[in-house]
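The structure appears below as structure tokens.
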Amino acid sequence: MAITGRTALLAALGALVTGLLLPSWAGIGAVTGVVLLAVALDLVLAAPVRSLRIDRGGDTTVRLGEPASVELTVTNPAGRPLRARIRDAWAPSAWRPGTGFAASRHTLRVPGHERRRVTTVLTPTRRGDHHAHKVTVRSLGPLGLAGRQGSHLVPWTVRALPPFASRKHLPSRLARLRELDGRTSVLTRGQGTEFDSLREYLPGDDIRSIDWRASARRHTVAVRTWRPERDRHILVVLDTGRTSAGRVGDAPRLDASLDAALLLTALATKAGDRVDLLAHDLRKRTAVAGRSPSEILPAFTNAMAVLEPALYETDMRSLVATALKMAPHRSMIVLLTGLDAASVEDGLLPLLPLLTKRHEVVLASVSDPHLDELAAGRGTVEAVYGAAAAEQTRADRRLTADRLTRAGITVLDAPPASIAPALADTYLALKAAGRL
């Protein structure tokens, strides 16, 4: 049984009035009896809670930061009307800070043998699965003095997908892709290109592209144009180990890596290439392979939604072995990992010949722009020490990147806001150079 604040207020006022008009003990006893009778009557008239049927419906997926609507349908099988206050409980991460209290509470009136619907609006602040907790119903009597309260388990899950903020860079990269694809006259050459058509020689063209037989037939100098090959294989490898857990700004490095992987996947799919995904730390966390072009991006976002950084060192030997199994033929392997000198030199560098022997390898790492601010600090002893430490860190990253470049790897080191477009530009550059 639930006693409302109205009941306590009425009892206090009644005691005050009767204490002034009647002998104290007799007056208090009379008022108490009246209040208790009203409370008992209100409790009897309140609709039962346990017999209610509550069902859920609505959104099951949402982009991080966007609202999701989950509906509660309350069916009242009793003959008495239901006057209820409902709390739809979810984890704190399902709401924006400070909004959960108001958004989770509803006032509802359901006549007997009817049903009504209320909507809970969630705005998740973290990727992954958000599960509903209990639905608590307080059924009040007609006077609002007392009521019944109970909880129902009504399972529901809303998956918050990566936000894909880098989608805004896709139109400009697709325009560049159309140029490479021969829809605009562009000359590209290399081992990863195929013959497209002939055109007249222009100053600056590579003389190795001249087709002498066609030139003799045309009585003018003709050159061969080339377009990038389609149906190439790209394997995106996400390192979900210790380095991916480091926070850059308000988010871990892994979130920026996910965003870069999504932009590359969308671009490569439009280019007609096949894209697979591998996430690995000590073991394989997830893998998406062999999907059709229309299924790739939804499958990637769904798999990425539940990825979380692991707080231990990545097993690079196992990661490389798994990647080679997923890419048995020549491919572009994009490794999204850190540039920490110790982990690269001890874990990755000895294994590079296994990757570079057959594949085109790109390593993309998320840098911390705060290092640039620290490196510029002067004026106090603390600022000078911070600048020295930041400069040493930047120098170590440059040295590690140089070693990887000498080993035949294309290295990107960019802050979170730039890593996604930088990776897309690298993909286009490799395609234009015929290395993919």
Side-chain angles (χ1 to χ4, degrees), residues 61-66 91-97 123-130 158-167 169 236-265 277-288 300-316 319 334-344 347-348 362-374 389-390 393-394 396-397 400-401 411-424:
T61 60
V62 64
R63 291 281 181 188
L64 186 66
E66 296 181 359
S93 59
W95 324 90
R96 284 201 182 103
T123 310
T125 57
R126 292 183 58 185
R127 283 185 297 103
D129 290 339
H130 298 266
V158 174
R159 174 164 290 186
L161 305 174
F164 196 8
S166 63
R167 186 191 296 270
H169 300 290
V236 178
V237 182
L238 292 167
D239 177 2
T240 56
R242 176 185 58 83
T243 57
S244 70
R247 299 189 73 83
V248 179
D250 295 331
R253 280 188 168 90
L254 179 60
D255 285 16
S257 297
L258 298 180
D259 197 45
L262 288 175
L263 180 62
L264 174 63
T265 301
L277 173 69
L278 170 65
H280 199 290
D281 39 68
L282 278 182
R283 59 181 179 84
K284 180 174 71 175
R285 292 296 174 182
T286 189
V288 180
F300 275 30
T301 54
N302 193 56
M304 291 174 177
V306 295
L307 290 177
E308 294 292 341
L311 300 181
Y312 35 74
E313 201 71 36
T314 298
D315 185 349
M316 280 296 175
L319 183 149
V334 180
L335 178 58
L336 290 147
T337 185
L339 270 179
D340 292 357
S343 58
V344 170
L348 184 59
V362 176
L363 186 146
S365 179
V366 180
S367 63
D368 189 350
H370 187 54
L371 288 177
D372 298 332
E373 300 174 11
L374 286 176
T393 301
R394 294 198 303 180
D396 291 342
R397 292 177 71 88
T400 303
V411 179
L412 297 176
D413 189 19
S418 304
I419 188 67
L423 182 57

Ignoring hydrogens and geometry beyond distance, is a side-chain donor-acceptor pair present between S343 and R242 at under 3.5 Å? no
Just by distance, no angles: are the side chains of D340 and T243 close enough, under 3.5 Å, to form a donor-acceptor pair? no
If I take atom [atom1] from residue [X] and atom [atom2] from residue [Y], how far apart are they, to the nearest 0.5 angstrom?
X: L263; Y: F164; atom1: CG; atom2: CZ; result: 5.5 Å
X: R397; Y: S367; atom1: CZ; atom2: OG; result: 6.0 Å
X: L423; Y: L264; atom1: CG; atom2: CG; result: 4.5 Å

Where the side chain of [X] meets the backbone of [Y], is there a donor-acceptor pair that is under 3.5 Å apart?
X: S365; Y: D413; answer: no
X: R63; Y: E66; answer: no
X: T240; Y: H280; answer: yes
X: D259; Y: A165; answer: yes
X: R394; Y: A389; answer: no

Under the rule for salt bridge (charged side-chain N to carboxylate O under 4.0 Å, His left out), what residues qualify as partners of D239, not counting sequence neighbours? none
Salt bridge (charged side-chain N to carboxylate O under 4.0 Å, His left out) against D129, all qualifying residues, sequence neighbours excluded: R159
Hey, is D368 close enough to R253 for a salt bridge, meaning N to O under 4.0 Å? no
